[in-house]
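Every chain is numbered from 1, with letters handed out A, B, ... down the list of sequences.
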Amino acid sequence: MEAIRARVDKVLAAVSIGLFVVLLVVVCWQVLSRQVLQTPAAWTEETARYLFVILALLSASLVFSERGHIAVEILMARFPVRVQKVVAVLVELLVIFFALYVLVLGGYRVAENSWNQGLSAIPVSVGQMYLVLPLAGVLITFYSLCHLRGLLRGTTGPVPEGDVVAADV
Amino acid sequence: MDTATLVALVLVGGMVLLIALGVPIAVAMGLPSAVATMVLLGWDGAALTSAQRLFSGSNSFALLAIPFFVLAGGLMNAGGLARRLIDFALVVAGRLPASLAQTTVVANTLFGAVSGASVASAAAVGSVLAPRMKEEGYDPAFSAAVNAAASPTGMLIPPSNTFIIYSLVSGTSVAALFMAGIGPGLLWSGICVLMVALYARKRPELRATERPTLRQGLLVLWRAVPALFMMVVVVGGILVGAFTATESAVIAVVYALVAGFATRTLKVGALPGVILEAAKTTAIVMLLIGVSGILAWVMSFARIPTLVSDAMLGLTDNKVLVLLMIMVVLLIAGTVMDPTPAILIFTPIFLPIVTGLGVSPIHFGAMMVFNMCLGNISPPVGNNLFVAARVAGVKVEPVIGRLMPMFYALTASLFIVTFVPELSMWLPEQLGLINAP
Amino acid sequence: GGEGAEASGGSGSGSEGGEGRALRLALNQTEQHPSYLALDSFGQRLSEATDDRWSIEVFANETLGAQAEALQLVSSGAVDMAIVSGTQLENLDEDFVVFNLPTVFDSVEQQMSVVNDPDVVGDLYSSLESSENITVVGGFTQGTRSVYTTDGPVETPEDLAGKKMRVQESDLHLSMMEAMGGSPTPLAFGEVYTALQSGVIDGAENNEVSYFTQKHHEVAPFYSRTNHLVGLDYLIINTGVLSEMSEEDRAAFDEEWTAAHEEHTQLWTEATEQAIADAEAAGATFSEVDTDAFNAVLEPLVDEFLTTDSQRALYDAARGN
Ligand code: NA
Ligand code: NA
């Protein structure tokens, strides 16, 4: 399972970097086409917005792999390790419920609901874009299952070793 | 119990409980919001609506500025541009008493003007200056405290990702907000300079560092020009309207790339790592913004902002008292909350109240972000405080003791920002960025 | 009492027997906008006419979502009603493009008589019922749109040559501005003022009300009446909700809707006149253009966008052909 996770991490990291570069190129093109070529492109803004949501959701899934999302751990850190372990399992279960209910089920429902709703400037439907939601939900569930396994086996500590710099905006 | 009260209970109770358990804040906000939606719309309707709000909450062109400003900052740190800014700050502040402490303040201010965030600034400035301050006899806890206190200016001085997030939830102009942040940002730095000067009077042995020769000074200035010019490009470009905030962030990335390669301080091999870090940093924030879309929707649907507003205005409709109450609530929230979730949660509740009392949403943005900056250094949870302590190699507790006088002075200046609207509003008004009278 | 019923409802929670049903309506405008005012009094009259069995609660300022998302929420039943633009419906069913085209309407009056005439729009308005669970109730005008520029009035398409004109982000609007002679520049609405001021763009196109309320007249004082488009918003409602109405209540709903769009047109006309007077007082000039010259370049464009027989039939019906 850890081997699969390492591969998924690698793929997600590569996809994130790739999407980021494409995003950069698209917005550069928007500036360039308006300021320099004087022939503004219509598709750039919509494309950039949706690329960004996809990038954000996939990278956010990757951050779940590292348990890197901001959390307040000061309270839990004061409890005995046994309690911490139980709570850590509960936390992963809550994350799984959120991922399955909102991202997978809700994402599937909303994609189906808007499958025929076209976008204005690019030939894709809103529903197709929404498919990234269930994809992210599956990825996050997978990572949480990995953490659960680690917690139960004792190979994963109850409190993530977060890095505050990563939360900086 | 009516539905609105039930929804409010689910939201508040759920979020407090889950945050306390250490659930990632994005899930701790999103899950109770989805459950509250379930109360209103049933199982399937709530799933669909929550998913849609999460997606569309982050689907905004203005938010695109965030990944690019984060990446630009990462590129500056990976290359040597950040270091050159610090060298420049040393020359600027080198003649003042306790010059290294003053340099810390100046360097953080300069950093703030080229990057959209503030924790990175504390890390970069502290890791260079803290060891030197220790060598020259400064108390490491004090040097960490100065660095922590000075670093949040990056959130006030443009570019600022915090203002971009506020702009999204308040529907205000990013350009106007950026200009509104300059006054409070400089006030923040000014208070830090003042506090360091007061400290220096008690510690006369902390003299100025050796004076650089004119030649040395010019050389440092010359080497800092690429980094300094970035401010001109980014802020100037937005101001003259050549590009939007989002586009200016892309320009900043391209600029940091070109400047990094031109000065041979940036290596191609470092790029994938820098980009991935920027993607992850952004993703953390975007997920928060996405789930706050669910929260904001369910609050509106249940008319909760109206309830809070009625309750608050039932106590008093005196503008000064209402603003005081709001600022105190935000200060308390800021002790444990990060700026992004705090802005996302509280803006939809408080903004209608204050605009109803005649406060400009731009001015409210300035006071809110100033308040969030205080939260970033206030114990027990303060990102800038933690990072400043860590890069100085000291524990957080002694730093807090050294920080408190500066924290109190800065908190006092929050009331200047709140009750002297001109400090924030003068510049955007002069520049014609505020259309309404 | 009616108070408790307000917070309940929504398709999932079921309705409490005997109590009224408050329809939640998503609106993208402020509470001062003619659309809000007309919808709010629509709700009040509906409530009176149905003895509080039905009422409408308007959520202004996009708090329930922007138009594209509000459309999805009406379709799913999370929200009961919404005001959405013609472009939004065009994204679901291409027949709606007809009423978004230039030259299809000459005036607000003609537009309102067409888009609220069941003989013309009956099939169109029910076309989304089976696939999307959405019924179109009718239309609200968004006024005639014309161009405005920073450096002098426009009379013919040649006058727009080389001018960067802000348009909404869609193929139709880009092609339209190109046909009219300008260089189309898609830009977020909120950026237009600064862009005009700094010379990033040379002009834009909009109705008189937005022209004045957004203060664009301060930086682009020449408003030239090309009247190339008459903007249109639709009121949509969840089909399932509509079918829950008794025949009597449905009749009241339709009757009060007619009163609502008439009131809206009246409010819109007054707002337009006020905007023109205020803009003129602030130094803006409103000038006429060579209408034939603009029609000559726009008509081929219309042909290009009318690709099906049903679209052509709607166009002809609207034009009274
Ligand atoms: Na900044
Ligand atoms: Na804090």
Side-chain angles (χ1 to χ4, degrees), chain A residues 13 16-17 19-21 23-24 27-28 30-31 35 45 48-50 52-53 55-64 66-76 87-88 90-91 94-95 97-98 101-103 105-110 113-114 129-130 132-133 159 164-169, chain B residues 18-27 30-31 34 44 47-48 50-52 54-55 58-61 63-64 66-68 70-71 116-120 123 161-162 165 242-243 246-247 250-251 253-254 272 275-276 278-287 336 338 340 380-381 383 386-387:
Chain A
S16 297
I17 294 170
L19 282 174
F20 208 137
V21 172
L23 186 61
L24 187 63
V27 185
C28 280
Q30 167 157 329
V31 182
Q35 302 289 351
E45 174 168 337
R49 276 194 288 115
Y50 281 96
F52 179 42
V53 181
L55 165 65
L57 281 167
L58 294 181
S59 303
S61 309
L62 180 57
V63 176
F64 274 98
E66 302 157 8
R67 295 200 288 174
H69 284 279
I70 316 171
V72 177
E73 280 125 12
I74 40 164
L75 198 66
M76 273 308 117
V87 171
L90 181 65
V91 167
L94 287 167
V95 171
F97 176 71
F98 179 78
Y101 178 62
V102 173
L103 296 172
L105 173 67
Y108 170 74
R109 284 267 185 274
V110 74
N113 177 261
S114 56
M129 292 295 187
Y130 282 143
V132 70
L133 289 164
V159 178
V164 271
V165 179
D168 181 31
V169 151
Chain B
L18 295 193
I19 289 174
L21 284 178
V23 176
I25 294 186
V27 177
L31 197 53
D44 261 12
L48 180 148
S50 302
Q52 188 221 47
L54 192 155
F55 189 99
S58 44
N59 186 3
S60 144
F61 193 71
L63 286 177
L64 262 168
I66 294 175
F68 296 130
V70 171
L71 180 58
S118 66
V119 175
N161 290 339
T162 319
I165 292 165
F243 26 80
T246 304
E247 291 168 350
V250 172
I251 305 276
V253 170
V254 174
I275 295 174
L276 185 60
K280 287 195 226 164
T281 303
T282 309
I284 292 171
V285 176
M286 291 306 291
L287 189 64
V336 290
D338 269 321
T340 305
V381 182
N383 289 337
F386 292 169
V387 170

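The residue among B:Leu63, B:Ile25, B:Val253 with the most heavy atom pairs within less than 4.5 Å of chain A is B:Ile25. Interface summary for chain B: among A:Ser16, A:Gly106, A:Ala13, A:Ser114, the most heavy-atom pairs under 4.5 angstrom belong to A:Gly106. With respect to chain A, the highest number of heavy-atom pairs below 4.5 Å among B:Leu287, B:Leu31, B:Leu18 belongs to B:Leu31. The residue among A:Leu55, A:Leu23, A:Val132 with the most heavy atom pairs within less than 4.5 Å of chain B is A:Leu23. In terms of heavy-atom pairs under 4.5 angstrom with chain A, the leader among B:Asp44, B:Ile19, B:Thr246 is B:Asp44. Put simply, of A:Val21, A:Leu57, A:Leu62, A:Val63, the one with the most heavy-atom pairs under 4.5 Å next to chain B is A:Val63. When the candidates B:Ala26, B:Pro67, B:Ala34, B:Ser58 are compared by the number of heavy-atom contacts under 4.5 Å with chain A, B:Pro67 comes out ahead. Contacts with chain A were tallied for B:Ala47, B:Ala278, B:Ala279; B:Ala47 has the most, counting heavy-atom pairs under 4.5 Å.
Within the 4.5 angstrom heavy-atom criterion, atoms from both the backbone and the side chain of A:Leu94 approach chain B. With a 4.5 angstrom heavy-atom cutoff, A:Leu19 does not touch chain B via any of its atoms. In this structure, the portion of B:Ile251 lying under 4.5 Å from any heavy atom of chain A is its side chain and not its backbone. For a residue to count as touching a neighbouring chain, one of its non-hydrogen atoms must lie under 4.5 Å from one of that chain's; by this rule A:Phe64 touches chain B with the side chain only. For B:Ile275, the parts lying near chain A are the backbone and the side chain together; criterion is any non-hydrogen pair under 4.5 Å. Interface remark: B:Val23 contributes backbone and side-chain atoms alike to the contact with chain A (heavy atom separation under 4.5 Å). Residue A:Ile17 touches chain B through both its backbone and its side chain, counting heavy-atom pairs closer than 4.5 Å. Of the atoms belonging to A:Leu103, it is side-chain heavy atoms, and not backbone ones, that fall under 4.5 Å from chain B. Using a 4.5 Å cut-off between heavy atoms, B:Leu54 touches chain A through its side chain atoms alone.
A:Arg49 CZ to B:Asn59 CG: the interatomic distance, rounded to the nearest 0.5 Å, is 4.5 Å. A distance of 9.0 Å separates CG in B:Leu64 from CD in A:Gln30, rounded to the nearest 0.5 Å. Interatomic distance, A:Ser59 OG to B:Leu276 CG, rounded to the nearest 0.5 Å: 7.0 Å. One finds the CG atom of B:Leu48 at 8.5 Å from the CG atom of A:Leu105 (value rounded to the nearest 0.5 Å). Between the CZ atom of A:Phe20 and the CG atom of B:Leu71 there is a distance of 4.5 Å, given to the nearest 0.5 Å. Note that OH of A:Tyr101 is 6.0 Å distant from OG of B:Ser50, once rounded to the nearest 0.5 Å.
A:His69 and B:Pro24 make their closest contact through CB-CB, 3.8 Å (heavy atoms, listed as atom of the first residue, atom of the second, distance). Between A:Ala56 and B:Ala283, the shortest heavy-atom contact is O-CB, 3.5 Å. Closest non-hydrogen pair, A:Val102 versus B:Ala51, comes out as O-CB, 3.3 Å. Residues A:Gly68 and B:Ile284 share a closest heavy-atom pair of O-CD1, 3.6 Å.
Within a 6.0 Å sphere centred on OH of A:Tyr108, heavy atoms belonging to other residues, nucleotides or ligands number 12 at most.
Counting heavy atoms from C-beta outward, B:Phe55 and A:Val110 have side chains that stay 4.5 Å or more apart.
Side chain of A:Tyr130 to main chain of B:Gln52: no donor-acceptor pair is present (N/O by atom type, distance under 3.5 Å, no hydrogens or angles).
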